[in-house]
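See below for the structure under consideration.
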Amino acid sequence: MGSEIRETRKNGEPGFHGKILESDPPSRLVFTFIVPGGETTKVSYDIESQGEMVTFKITHVGNDRDSKEYKSTSIGWAAIVSGIKTLLETGKTLDKDSVSDLF
């Protein structure tokens, strides 16, 4: 635990960063999530088998619902989940630019 996680955008600018708080492969990952100039929040990914189905749940806590960060990350998570769903169903990734057109 404690390893850093860092996003670097296509243009080289930093995106979010944080530290891994919990890792239990392949079912759970928890990390802090900090956008430049933003507050520290927490994200968890949980994957659970339910028979022949698998559920994937993202939980992001710590932002006030009226904040700019809440609105921005809500759109971001929707795009990420859409991309994961497409990859799992088709084996192909979504183009980042086309995803931004959806939201």
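- Heavy-atom minimum distance, Pro36 versus Gly15: CD-O, 3.3 Å.
- Residues passing the side chain to side chain donor-acceptor pair (under 3.5 Å) test with Lys71, sequence neighbours excluded: none.
- Under a hydrophobic clustering in which Ile, Leu, Val, Met, Phe, Trp and Tyr are joined whenever their side-chain heavy atoms come within less than 4.5 Å, directly or via other members, Tyr45 and Val81 fall into the same cluster.
- The number of heavy atoms from other shown groups lying within 6.0 Å of CD (Glu22) is above 12.
- Remark: Tyr70 engages no residue in a ring pair (Phe, Tyr, Trp, His ring centres under 6.0 Å) (not counting sequence neighbours).
- In terms of the side chain to side chain contact (heavy atoms under 4.5 Å, CB included) criterion, residue partners of Glu4 (sequence neighbours excluded) are, by chain and number, Arg6, Lys19.
- Distance check, rounded to the nearest 0.5 Å: CD1 of Ile34 to CD1 of Ile5 gives 11.0 Å.
- Taking Ile, Leu, Val, Met, Phe, Trp and Tyr as members and joining any whose side-chain heavy atoms lie under 4.5 Å apart, directly or through other members, the hydrophobic cluster of Val30 also contains Leu21.
- Without hydrogens or angle criteria, Thr86 side chain to Ser82 main chain gives a donor-acceptor distance under 3.5 Å.
- Taking CD1 of Ile47 as the start and CZ of Phe56 as the end, the distance is 6.0 Å to the nearest 0.5 Å.
- The cluster map of Ile, Leu, Val, Met, Phe, Trp and Tyr, joined by side-chain heavy atoms under 4.5 Å apart, puts Val61 and Phe31 in different clusters.
- Hydrophobic clustering, with ILVMFWY side chains joined whenever heavy atoms are under 4.5 angstrom apart, keeps Met53 apart from Leu88.
- For the atom pair CD of Glu13 and OG1 of Thr8, the computed distance is 10.5 Å after rounding to the nearest 0.5 Å.
- Distance alone, capped at 3.5 Å, is enough to place a donor-acceptor pair between the Thr73 side chain and the Glu69 backbone.
- Scanning all heavy atoms of the two residues, the minimum distance from Gly62 to Thr41 falls at C-CG2, 3.7 Å.
- The stretch residues 44-65 participates, sequence neighbours left out, in these salt bridge (Lys or Arg N to Asp or Glu O under 4.0 Å) pairs: Arg28-Asp46.
- For the atom pair NZ (Lys42) and OG1 (Thr40), the distance works out to 12.5 Å, reported to the nearest 0.5 Å.
- Considering only residues two or more places apart in sequence or on other chains, Phe33 meets the ring pair (Phe, Tyr, Trp, His ring centres under 6.0 Å) condition with Phe16, His60, Trp77.
- Follow the hydrophobic side-chain contacts under 4.5 Å out from Ile20 and you reach Ile58 in the same cluster.
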